[in-house]
Amino acid sequence: MNLYDELTWRGLVYDATDGLADAFAGGRVTAYIGFDPTASSLHIGNLLGLVTLARLQQYGHAPIAIAGGGTGMIGDPSGKSQERTLLTLDQINANLDGIRPQLAQFLDFNRPDNPARVVNNADWLASFDLLGFLRDTGKYFTVNYMLQKESVNRRLESADGISYTEFSYLLLQARDFLELFERYGCTLQMGGSDQWGNITAGIELIRKVHAKKAHGLVTPLVTTASGAKFGKTEAGTIWLDASRTPVQEFRQFWLNTDDRDVIAYLKFFTFLERADIDDLDALVKGAPEKRNAQQVLADRVTTLVHGAEDATRAESANAVLFGASTLTDDVADAASLADSLLAIAEDVPSTAIDGAAFDGSGISIVDVVARVIGVSKSEARRLVQQGGVSVNDRKIADANARLTRADAIDRRVFLLKKGGRQRFVIRLT
RNA sequence: GGCGAGGUAGCGAAGCGGUCAAACGCAGCAGACUGUAAAUCUGUCGCCCUAGCGGCUUCGAAGGUUCGAGUCCUUCCCUCGCCA
């Protein structure tokens, strides 16, 4: 299968310029995607672009990831209904330091024919002088053209309007494409569907300045069947940085994927081939409760982002945490169960509590829940009373209940469950 | 600068001077049902406790009127619209 057909099969082609398939077929294409340094870590909303760049490289094309140190100074109005808060230069630089290695992780810099590049557009954008920019870049665009862009137009109609700063953003991103075209022969820009306007502006600029044809390809917005925003959970954004989103939690996110989404995600985010994905598709349809596709998705994506070692650790930690740990009173079993829970404590949400607190009359369940889960006592009490809390697989619905050392598994560890999918290990010290 | 509208819990949006911790919707959380899925139904959704017709802090900010203010008055701040 050629690259264009593969991208199409995977559902990654939301829109593309005419002739892109021929361009792929005609030889090595240099392509880029820009990433905004809005935070010190990328999140899974950026993942589709990263994986797509990697896919491109596998087919022998040359990927460039732009870390948007320059455009980040301005703020892309695309997909935003409100003016953005400007980041300080210090913040941007700190964020760039965080995301650069993440970008690099997905790409191969050592391929002799098509090495990857990570570049910072501040390298050229920051050094433009205003008059020069207006003459060299601004002159190529009519305001009429810019006003027609969806990102601008929507904001014109909104009550908040759009600042001159963000209005200018389009020119900067167009300039990026031109710059990469000139420096590296880059002829393709990719991005999410909200980037189409920015991308076509760059294509226009290259056509006007060099009379050359450049291409654009945008991927669809990743959606969830339930209508929730992709990449967000009750806990917030799913980050690629393990210090922000622990590997175990990252893996859980993928494991909890809706049946209706899982095949699409496998196509988007993994390198599995068509036959394998078709097999999984059949499994989802035939035996959805086995969650085979979700398992594979979780394993593949976690391995891709965090490496095989951490992915395996997360998998085994979750196996213990969610395993059918029938908590018996058998002393030998208790000891081994306690051992296995303590062994995974570092990889899962866990809290250490001074064991002495459990002596005598012990600690109230509400206090334990509030402390371990990190909610107010009112909320902890509510959780308990609504039957949402169990300790060592025993539901505790009495808000006045207390936990003592004797309640602990082998007198040294508790397994606390909140609702159906949140579990915490409590170590007595 | 002038005129007008408005600022209420994460968001949206009600709210005759008393029974307003504040209707309702969304999001969230929990329960039932399940498959660590979805849908549906139910409950819940400021904080604290000795858990009660309990206490405390909230309705842009500060003052004031009143036995009592989200609701009235004054000043200030902010947002939006129209006009200059």
Side-chain angles (χ1 to χ4, degrees), chain A residues 80-83 85 155-163 223-238 246-266 280-299 301-302 314-326 344 347-349 361 363-367 369-391 393-402 415-425:
Chain A
K80 302 282 178 206
S81 58
Q82 285 191 327
E83 189 80 8
T85 307
R155 290 278 292 279
L156 281 178
E157 287 169 8
S158 82
D160 293 327
I162 182 169
S163 67
T223 56
T224 61
S226 64
K229 192 173 181 188
F230 173 74
K232 301 277 185 181
T233 65
E234 56 280 3
T237 304
I238 304 293
V247 180
Q248 181 262 159
E249 196 181 308
F250 184 88
R251 188 175 186 283
Q252 282 300 108
F253 169 80
W254 295 101
L255 191 64
N256 286 324
T257 300
D258 193 310
D259 293 352
R260 294 168 293 178
D261 295 321
V262 68
I263 297 302
Y265 291 0
L266 282 167
L280 288 168
D281 192 17
L283 286 171
V284 171
K285 292 195 169 75
E289 71 285 358
K290 293 230 168 58
R291 311 177 64 77
N292 290 300
Q294 280 92 340
Q295 293 279 357
V296 172
L297 178 68
D299 287 342
V301 179
T302 308
E315 183 185 0
S316 47
N318 280 140
V320 173
L321 210 52
F322 290 88
S325 54
T326 314
I344 63 165
D347 297 323
V348 303
S361 60
I363 308 183
S364 113
I365 181 67
V366 171
D367 286 339
V369 169
R371 175 162 169 188
V372 171
I373 302 180
V375 296
S376 73
K377 286 191 181 182
S378 295
E379 176 143 18
R381 174 175 297 274
R382 218 160 23 234
L383 269 171
V384 171
Q385 288 174 336
Q386 291 184 139
V389 170
S390 78
V391 173
D393 277 346
R394 208 177 75 241
K395 180 172 285 193
I396 297 187
D398 174 9
N400 295 315
R402 304 182 76 82
L415 176 61
L416 177 72
K417 298 186 183 178
K418 168 188 177 267
R421 13 181 151 159
Q422 282 186 263
R423 311 197 171 190
F424 304 82
V425 171

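A note on names: the letters A, B, ... follow the listed sequences, proteins ahead of strands, and every chain is numbered from 1.
Under the Watson-Crick and G-U wobble criteria, each requiring two contacts below 3.5 Å, nucleotide B:rG4 is paired to B:rC80. Pair assignment for B:rC47: B:rG55, on the basis of Watson-Crick or G-U wobble contacts that are both within less than 3.5 Å. The nucleotide B:rU19 finds no pairing partner, because no Watson-Crick or G-U wobble arrangement with both distances shorter than 3.5 Å includes it. Remark: B:rU74 base-pairs with B:rA62; criterion is Watson-Crick or G-U wobble with both hydrogen-bond distances under 3.5 Å. Pair assignment for B:rC41 gives B:rG31, based on Watson-Crick or G-U wobble hydrogen-bonding distances that are each under 3.5 Å. Figure legend. B:rG68 is base-paired to no nucleotide; pairs are counted as Watson-Crick or G-U wobble with both atom distances under 3.5 Å.
Within the nucleic acid shown, A:R291 comes within 4.0 Å of at least one base atom, counting heavy atoms only. A:D258 comes within 4.0 angstrom of sugar-phosphate atoms only, judged by non-hydrogen atoms across all strands, and of no base. A:K418 comes within 4.0 angstrom of sugar-phosphate atoms only, judged by non-hydrogen atoms across all strands, and of no base.
A donor-acceptor contact under 3.5 Å is formed by the side chain of A:Q252 with the base of B:rU36. One cannot find a donor-acceptor pair under 3.5 Å joining the base of B:rG31 and the side-chain atoms of A:Q386.
Side-chain atoms of A:T257 come within 3.5 Å of backbone N or O of A:W254 as a donor-acceptor pair. Using a distance-only test at 3.5 Å, with no hydrogens or angles considered, no donor-acceptor pair links the side chain of A:R423 to the main chain of A:L415. At least one donor-acceptor pair closer than 3.5 Å links the side chain of A:N256 to the backbone N or O of A:Q252.
Comparing B:rC29 with B:rA39, their P atoms sit 12 Å apart, to the nearest whole Å. Spacing between B:rU44 and B:rC26 at atom P, rounded to whole Å, works out to 15 Å. The P atoms of B:rU8 and B:rU71 are separated by 13 Å, rounded to the nearest whole Å. Atom name C1', nucleotides B:rA13 and B:rA62: the rounded distance is 27 Å, in whole Å. Remark: the separation of the P atoms in B:rC41 and B:rG46 is 23 Å, to the nearest Å. B:rA14 and B:rG60 have their P atoms separated by 14 Å, with the value rounded to a whole Å. Spacing between B:rG18 and B:rG70 at atom C1', rounded to whole Å, works out to 13 Å. When the P atom is used for both B:rA69 and B:rG55, the distance is 16 Å, rounded to whole Å.
Heavy atoms only, all atoms of each residue included: A:R251 and A:D299 are closest at NH2-OD1, 2.7 Å. Of all the heavy atoms in A:S361 and A:R402, the pair that sits closest is O-NE, 3.1 Å.
Remark: C1' of B:rU36 and CD of A:Q295 are 10 Å apart, rounded to the nearest angstrom. Rounding to whole angstrom units, CD of residue A:Q385 and P of B:rG43 are separated by 16 Å. In this structure, A:K417 places its NZ atom 16 Å from C1' of B:rA30, rounding to the nearest Å. Rounded to whole angstrom, the span from the CD1 atom of A:I373 across to the P atom of B:rG28 amounts to 18 Å. We find that CG of A:N400 is positioned 11 Å from C1' of B:rU50, with the value rounded to whole Å. With rounding to whole Å, A:Q294 atom CD is found 10 Å from B:rA38 atom P. Atoms CD (A:E379) and P (B:rA21) sit 22 Å apart, rounded to a whole Å. Taking atom CG of A:L383 as the reference point, atom P of B:rC45 lies 12 Å away to the nearest angstrom.
To the nearest 0.5 Å, atoms CZ (A:R421) and CG (A:L321) are separated by 14.5 Å. The structure places CD of A:Q294 at 8.5 Å from CG of A:L266, a figure rounded to the nearest 0.5 Å.
Of all nucleotides listed (B:rA38, B:rG35, B:rA30), B:rA30 comes nearest to the side chain of A:Q422. Checked against B:rA30, B:rU36, B:rA51, the side chain of A:R381 finds its nearest nucleotide in B:rA51. Relative to the side chain of A:L255, the nucleotides B:rC29, B:rU36, B:rA38 differ in distance, and B:rU36 lies closest.
In summary, A:D281 and A:K285 engage in a salt bridge, as defined by a charged side-chain N under 4.0 Å from a carboxylate O.
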What's touching nucleotides 53-56 of chain B from the protein side, N or O pairs under 3.5 Å?
none

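No side-chain heavy atom of A:N400 sits under 4.5 Å from any side-chain heavy atom of A:V366. Counting heavy atoms from C-beta outward, A:V284 and A:V262 have side chains that approach closer than 4.5 Å.
Mapping A:G387 and A:E289 onto RNA chain B via the closest heavy atom, the residue that lands nearer the 5' end is A:G387. Between A:S378 and A:N256, it is A:N256 whose nearest contact on RNA chain B lies nearer the 5' terminus.
Contact annotation: A:K377 does not reach the phosphate of B:rC47 (side-chain N/O to OP1 or OP2, under 4.0 Å). The shortest distance between the side-chain N/O atoms of A:R421 and the OP1/OP2 oxygens of B:rA37 is below 4.0 Å. Considering only side-chain N and O atoms, A:S376 lies under 4.0 angstrom from the phosphate OP1 or OP2 of B:rC48.
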